[in-house]
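Report on one structure; see the data block that follows.
What's counted below: heavy atoms across the whole structure, side chains too, no hydrogens, waters or symmetry copies. All values reported here derive from a predicted model rather than from experimental measurement. Start at 1 and go down the list; that is how both ligands and their atoms are numbered.
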Amino acid sequence: MTYSNLLVENRERILFITINREYKLNALNKATLAELHEVVTASAHDEHVGGLIISGAGEKAFVAGADITEFADFNADEGRELAREGQIKVFDVIQNHSKPVIAAINGFALGGGLELAMACHIRLAASVAKMGLPEVSLGLIPGYGGTQRLTHLIGKGRAMEMILTGDMIQAEEAYRIGLVNHVCDSADLLPKASELIKKIMTRSPFAVGCAIRAINAATEAGVNGYETEVSEFSNCFGSEDFREGVSAFLAKRKAEFRGQ
Ligand code: COA
């Protein structure tokens with residue numbers, strides 16, 4: 001499958017997805033979001049994919065936001081549809097993916113770009129990366145989950161300041177406040193993201209999927225995360241991976257998980 005706005009490559013069961021509109025700083029237009037929906041959804045059922053790494057083409061930007069030219073003349077209904085469709089088809093699909101999804105933030109992650117990174121399970125940033133939700137400068141607010149995910153990740157007070165000022169922060173500051181998990185040189189970004197995802201891929205894929213669902217439940221409105229944990233914990237006992245993990249431990253050998 002070829003895409004017009006993405007580069008997609010499977011190397012050693014890691015699906016590398018690169019947003020490829022460098023001349024527009026990888027801004028997310030409708031076509032790019034549709035392709036992201038397609039590739040991310042398909043990867044969930046692809047046995048050849050163990051995890052996903054999302055980054056941006058070029059050295060300057062991860063993603064500089066939603067494509068402003070596409071919604072410049074939208075009315076309230078069109079705005080609602082834009083946010084709702086994007087959230088359901090892309091950002092929620094990434095957050096709820098049963099396989100690990102890592103954002104490798106290689107440059108500007110602004111607006112929808114930071115929202116994309118925040119929908120991923122883990123974020124790594126290059127030291128040159130800058131992040132922010134500048135929507136209020138355009139007379140808007142974040143619409144792809146930014147007000148919610150930023151608040152969950154860094155707390156209400158800091159989220160208020162970032163969103164109300166629209167200011168960008170540097171990678172080191174993002175690390176300090178827990179917005180990204182690691183910061184490294186640009187050249188090390190993809191190798192480090194690969195190393196991390198490979199480690200996760202050696203664990204039980206079944207259990208990793210259960211853990212993602214249980215952790216996500218912590219921030220889902222109206223859901224009792226402790227109950228979700230009990231239920232996902234219980235599901236693990238019915239899995240082949242559980243039998244394999246325990247037998248491997250008792251036999252003092254390396255587990256060979258099949259994700260079932
Ligand atoms: N939507 C559409 N086009 C965008 C874009 C976006 N979010 N971000 C950047 N671009 C385009 C620019 O319009 C420019 O296109 P052009 O060459 O046809 O004029 C190209 O990408 C390069 O960007 P430019 O602004 O010239 O680069 P810069 O180095 O001067 O500034 C930024 C970089 C990231 C600070 C600046 O592009 C910016 O502020 N972008 C918008 C960020 C934003 O508000 N995002 C939230 C959207 S909801």
Side-chain angles (χ1 to χ4, degrees), residues 3-7 17-37 54-95 103-120 123-151 153-154 158-174 177 179-180 183 186 189:
Y3 298 93
S4 310
N5 303 282
L6 306 176
L7 298 173
I17 302 172
T18 309
I19 316 291
N20 191 30
R21 295 183 79 218
E22 194 178 343
Y23 65 106
K24 290 288 177 194
L25 302 187
N26 305 319
L28 298 174
N29 61 357
K30 217 173 160 196
T32 307
L33 287 168
E35 290 185 1
L36 264 175
H37 167 76
I54 302 180
S55 66
E59 291 177 0
K60 198 165 167 181
F62 172 71
V63 168
D67 192 318
I68 297 168
T69 59
E70 283 194 343
F71 58 75
D73 58 358
F74 271 17
N75 62 29
D77 287 339
E78 290 168 312
R80 178 178 292 107
E81 191 49 32
L82 178 76
R84 186 160 286 145
E85 182 163 326
Q87 288 197 15
I88 293 171
K89 290 199 170 162
V90 178
F91 296 77
D92 292 353
V93 175
I94 292 173
Q95 171 164 300
I105 308 173
N106 52 305
F108 286 115
L110 302 175
L114 182 55
E115 290 174 300
L116 177 63
M118 291 193 295
C120 295
R123 284 152 293 286
L124 270 62
S127 48
V128 295
K130 289 184 183 168
M131 285 153 256
L133 293 176
E135 285 87 346
V136 290
S137 313
L138 297 168
L140 289 173
I141 68 166
Y144 288 145
T147 60
Q148 305 305 296
R149 292 194 180 97
L150 188 67
T151 306
L153 282 167
I154 68 171
R158 287 196 168 107
M160 281 280 184
E161 184 173 339
M162 266 185 80
I163 292 172
L164 302 192
T165 62
D167 282 348
M168 289 185 217
I169 59 170
Q170 310 273 346
E172 276 303 333
E173 174 67 356
I177 63 178
L179 181 52
V180 301
V183 177
S186 298
L189 186 63

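Taking atom 1 (N) of ligand 1 as the reference point, the nearest protein heavy-atom neighbour is I68 N, 3.0 Å. Protein heavy atom at the shortest distance from atom 2 (C) of ligand 1 is D67 OD1, 3.4 Å. Nearest non-hydrogen protein atom to atom 11 (C) of ligand 1 is K24 CD, 3.9 Å.
Counting heavy atoms under 4.0 Å from ligand 1, residue A64 touches it through both backbone and side chain.
Within ligand 1, counting atoms from 1 as listed, the ones closer than 4.0 Å to a heavy atom of L110 are 34 (C), 42 (C). Atom numbering of ligand 1 starts at 1 in the shown order; those under 4.0 Å from a heavy atom of Y23 are 20 (C), 21 (O). Here is the list of ligand 1 atoms found below 4.0 Å of a heavy atom in K60: 27 (O), 28 (P), 29 (O).
By the definition of a contact as any protein heavy atom under 4.0 Å away, atom 18 (O) of ligand 1 is in contact. Closer than 4.0 Å to atom 34 (C) of ligand 1 lies at least one heavy atom of the protein.
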- Task: Report the C-alpha distance between L179 and M118 in whole Å, list the side-chain angles of each, state the deciding distance to 0.1 Å, and finish with yes or no for side chain to side chain contact (heavy atoms under 4.5 Å, CB included).
- Result: CA-CA 8 Å; L179 181 52; M118 291 193 295; 3.9 Å; yes
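Using a non-hydrogen distance threshold of 4.0 Å, G112 does not register as a contact of ligand 1. Under a 4.0 Å heavy-atom criterion, E70 is not in contact with ligand 1.
Where the criterion is an N or O separation shorter than 3.5 Å, residue side chain and backbone included, F71 fails it with respect to ligand 1. Looking at T69 next to ligand 1, no N or O pair under 3.5 Å apart turns up.
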